[in-house]
Amino acid sequence: MSATGSLRLPRTEQSARVRRQSESEARAAEVARPAPLSVLLAEGTARAREQAERSLFLQSLFTGSWDGVYGQYVRAQHYVGYLRQLHALYSAFEGVLPRVARGALTPVLLMPELRRAAALEEDLRYFSGEPRAEGFACVETRLHAERLREVAEDAPHLLVAHAYARCVLDLIHAPERARVVASAFELGEDQGTRFHGAYTAPELTAFQVRLHSRIDGLELEEDEALEIVQEARMAFRLHSLVCDELARGATGMGAPAGGYRGGFSVSQ
C-alpha cells in the first residue's frame, strides 16, 4: 500500500504487465500492417495467373507435340502469330511510358527488362521477314493494348499491374521457352530467340528480387494497391482471351501430357 492509500504492484509484476502490454500492442500493429504489394499481387492473382499460364495454346506451343503433315511449318506459323500479339502489347506498353517517365512509378515501369518490343521485332524478322505486327493483332490483343493506353491516361499506377503480369507471363519462363524454340526449329545461337533468350535463369532470379523490392517500395495508398491487384487479375484474363483466340485457329494443336508447369514465386 502506498502512502496515498492506493495499491502498488511489486516491481517485477509491473514489469511483466508492461511487457505483456507492449507485446500485445506489437501484435496488433503487425496485424494492422498491410502486406507488401508483391505478396498481395502473388496471392490475389493466383487463380487468374494459373489459368493464363496453363492455357491450351501456351501448353501446346511450348510443351506439346505437333504431329501430322504440317509439322514444323505449322508450329512456326503459330509461334509467329504469338510473337505478333506480344509485339502489339509491348509496343503499346512502351508507347505510354513517356507519360510516366518522371513520376513516382519510374522505379518499376522504366526497368529495362520490360522493354522487349525491339527483341520481338528481331525475332519476327527472322521467322517471317516482317518485323512489324500491324494488321496481325487479334481483337483481344487490341482490347488489351487499348486498356494499357486507357489506364496510362486515367490511372497510371495501374500500369504496375500490367508490368507485373508481363514479367510473370513472359520473362520468368523465358530461358525454358528459348530452349524449346531453339530445339523445335533447330536454331543456331541467338537465331530467332532474342525475346525469350535475352536473359539467363540466374539473371532473371536477380531481376525478380529487384522487381519485388521496387514494387514494395512504391508509395501508394491502400486503395491504390488493391486496385493494382484487381487490374493485374484483369491483365492475366486478357492474356487468356488472347491465347484462346490463337488456339481457335491453331490447326493440329493438342494438349500436352502432364501440362505446362510454371510460376512466379515471391520467395525467389
Q: State whether Arg47 and Glu50 are salt-bridged, where the test is any N-O pair (Lys NZ or Arg NE/NH1/NH2 against Asp/Glu carboxylate O) under 4.0 Å.
A: no
Q: Once you measure the plane-to-plane angle for Tyr82 and Phe57, does it fall in the parallel (<30°), tilted (30-60°) or perpendicular (>60°) bin?
A: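 Correct class here is tilted.
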Q: When clusters are formed by joining ILVMFWY residues with side-chain heavy atoms under 4.5 Å apart, either directly or through shared neighbours, do Leu97 and Ile215 land in the same one?
A: yes
Q: Taking Phe236's backbone N and O only, do any of them form a donor-acceptor pair with Arg49's side chain (distance below 3.5 Å, no angle check)?
A: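 Here the side-chain-to-backbone pair does not exist.
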Q: Would you call Glu245 and Arg248 a salt bridge, taking side-chain N to carboxylate O under 4.0 Å as the test?
A: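 Yes, charged N to carboxylate O under 4.0 Å.
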Q: Are Leu169 and Tyr199 linked, directly or through intermediate hydrophobic residues, by side-chain heavy-atom contacts shorter than 4.5 Å (ILVMFWY only)?
A: yes
Q: Is a side-chain N or O of Ser213 found less than 3.5 angstrom from the main chain of Val209, in a donor-acceptor match?
A: no
Q: Tell me whether Glu203 at atom CD has more than 12 heavy atoms from other residues, nucleotides or ligands lying less than 6.0 Å away.
A: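 Correct, the count exceeds 12.
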Q: Identify whether Leu58 and Leu241 are in the same connected component of the hydrophobic contact network (ILVMFWY, side-chain heavy atoms under 4.5 Å).
A: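 No, separate clusters.
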Q: Hey, is the main chain of Ala48 close enough, under 3.5 Å, to the side chain of Arg237 for a donor-acceptor pair?
A: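 Side chain of Arg237 to backbone of Ala48: no pair is present.
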Q: For Arg214, does the CZ atom have more than 12 heavy-atom neighbours from other residues, nucleotides or ligands under 6.0 Å away?
A: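 Yes, because the 6.0 Å sphere around CZ of Arg214 holds more than 12 heavy atoms from other groups.
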Q: Any carboxylate oxygen within less than 4.0 angstrom of a Lys/Arg side-chain nitrogen, looking at Glu94 and Arg116?
A: no
Q: Between Glu176 and Arg179, does any side-chain N to carboxylate O distance fall below 4.0 Å?
A: no
Q: Of all heavy-atom pairs between Leu40 and Ala35, which one has the smallest distance, and what is that distance?
A: CD1-O, 3.7 Å
Q: For Gln85 and His144, test the side chains for any donor-to-acceptor distance below 3.5 angstrom and give the result as yes or no.
A: no
Q: Would a single hydrophobic cluster contain both Val151 and Leu110, if residues Ile, Leu, Val, Met, Phe, Trp and Tyr are joined by side-chain heavy-atom contacts under 4.5 Å?
A: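 Yes; tracing contacts between hydrophobic side chains, which count when under 4.5 Å, links both residues.
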